[in-house]
Amino acid sequence: MKYLFLVSFLLFAATSFAQKVPSPEIQIKTALLAAPPEARADATVLGYDESGKLITLRKGTGKFICLSDDPNKKGIEVDCYSVALEPLMARGRELVAEGKTSAEKHDIRTKEVKEGKLKMPEVPSMLYVLKGTEENYNSTTGELKDGDFRYVIYMPFATAESTGLPVKPFSPGMPWLMDPGTYLAHVMISPVKKK
């Protein structure tokens, strides 16, 4: 009886997850909302299969990789980043899949960057993040109403002194430098949210 209950539960969980994952076409359409319009046609898009595994939904030839919304997380978030950031992003996903904590992930990547195993971009590299609520997302059409952008410019090892940026914002929506002096140094720009 316990075995039957376990099998029933697992089937229900798998079916429930599969129902939450939009079709590849809708995932692609939604993921591309984070990309600059001129980069959408040839961007690579990563998304999820029915089992929840991250896969390549569309192989592009352009300079951006877009990531579909994770159906296991609350809200809607799609990202689009420079292909120069893929080694960093891919390694982060690998470490999360291995069950590493945020601190462990940071320590491992710091060591790998220092050893030259993990290549960081040599020029500023862009990440676009578009977030919204599930209530404002249409999973049938892939459209997101009233989403908010955040812009991140990775500049490994940049400092407040080298950029002239503050290390915390002192005015709403202003750019500032997060993680200064580290491989993860990046300019954060979070425009004032829509009312």
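The first residue in the sequence is number 1, and the count goes up from there.
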- Message: Looking only at side-chain N and O atoms, does Thr30 offer a donor or acceptor that is under 3.5 Å from a partner on Tyr137?
- Response: yes
Met174 and Pro166 have their tightest heavy-atom pair at CE-CG, 3.6 Å
Taking every heavy atom of Gly99 against every heavy atom of Glu104, the minimum-distance pair comes out as O-OE1, 4.3 Å
- [ ] With side chain to side chain contact (heavy atoms under 4.5 Å, CB included) as the test, would you mind laying out the steps for Ile76 and Lys131 before giving the verdict?
- [x] CA-CA 6 Å; Ile76 301 297; Lys131 293 182 86 165; over 6 Å; no
Does the side chain of [Y] come within less than 4.5 Å of [X]'s, by heavy atoms?
X      : Y      : answer
Asp79  : Leu127 : yes
Tyr154 : Val123 : no
Leu88  : Leu184 : yes
Val45  : Leu32  : yes
Lys63  : Tyr81  : no

Should the pair [X]-[Y] be classified as a salt bridge under the 4.0 Å nitrogen-to-oxygen rule?
X      : Y      : answer
Arg93  : Glu86  : yes
Glu94  : Arg91  : yes
Lys29  : Glu25  : no
Lys119 : Glu122 : yes

* Verify whether the ring centers belonging to Tyr151 and His186 lie closer than 6.0 Å. => no
Mutual orientation of the aromatic rings belonging to Tyr128 and Phe149 [parallel < 30°, tilted 30-60°, perpendicular > 60°]
perpendicular
In Val78, Leu33, Leu130, Ile26, the residue satisfying side chain to side chain contact (heavy atoms under 4.5 Å, CB included) with Asp69 is Val78
(message) The test is side chain to side chain contact (heavy atoms under 4.5 Å, CB included); show your working for Met126 and Val152 and say whether it passes.
(response) CA-CA 6 Å; Met126 194 71 194; Val152 181; over 6 Å; no
Note to self: Could you check whether atom CD of Glu115 has more than 12 heavy atoms from other residues, nucleotides or ligands sitting under 6.0 Å from it?
What the structure shows: yes
(Q) Under the criterion side chain to side chain contact (heavy atoms under 4.5 Å, CB included), I'd like the reasoning laid out for Ile65 against Leu46: C-alpha separation, chi angles, the key distance, then a yes or no. (A) CA-CA 7 Å; Ile65 297 172; Leu46 307 179; 4.0 Å; yes
* To do: Report the C-alpha distance between Glu50 and Val21 in whole Å, list the side-chain angles of each, state the deciding distance to 0.1 Å, and finish with yes or no for side chain to side chain contact (heavy atoms under 4.5 Å, CB included).
  => CA-CA 6 Å; Glu50 291 186 359; Val21 179; 5.5 Å; no
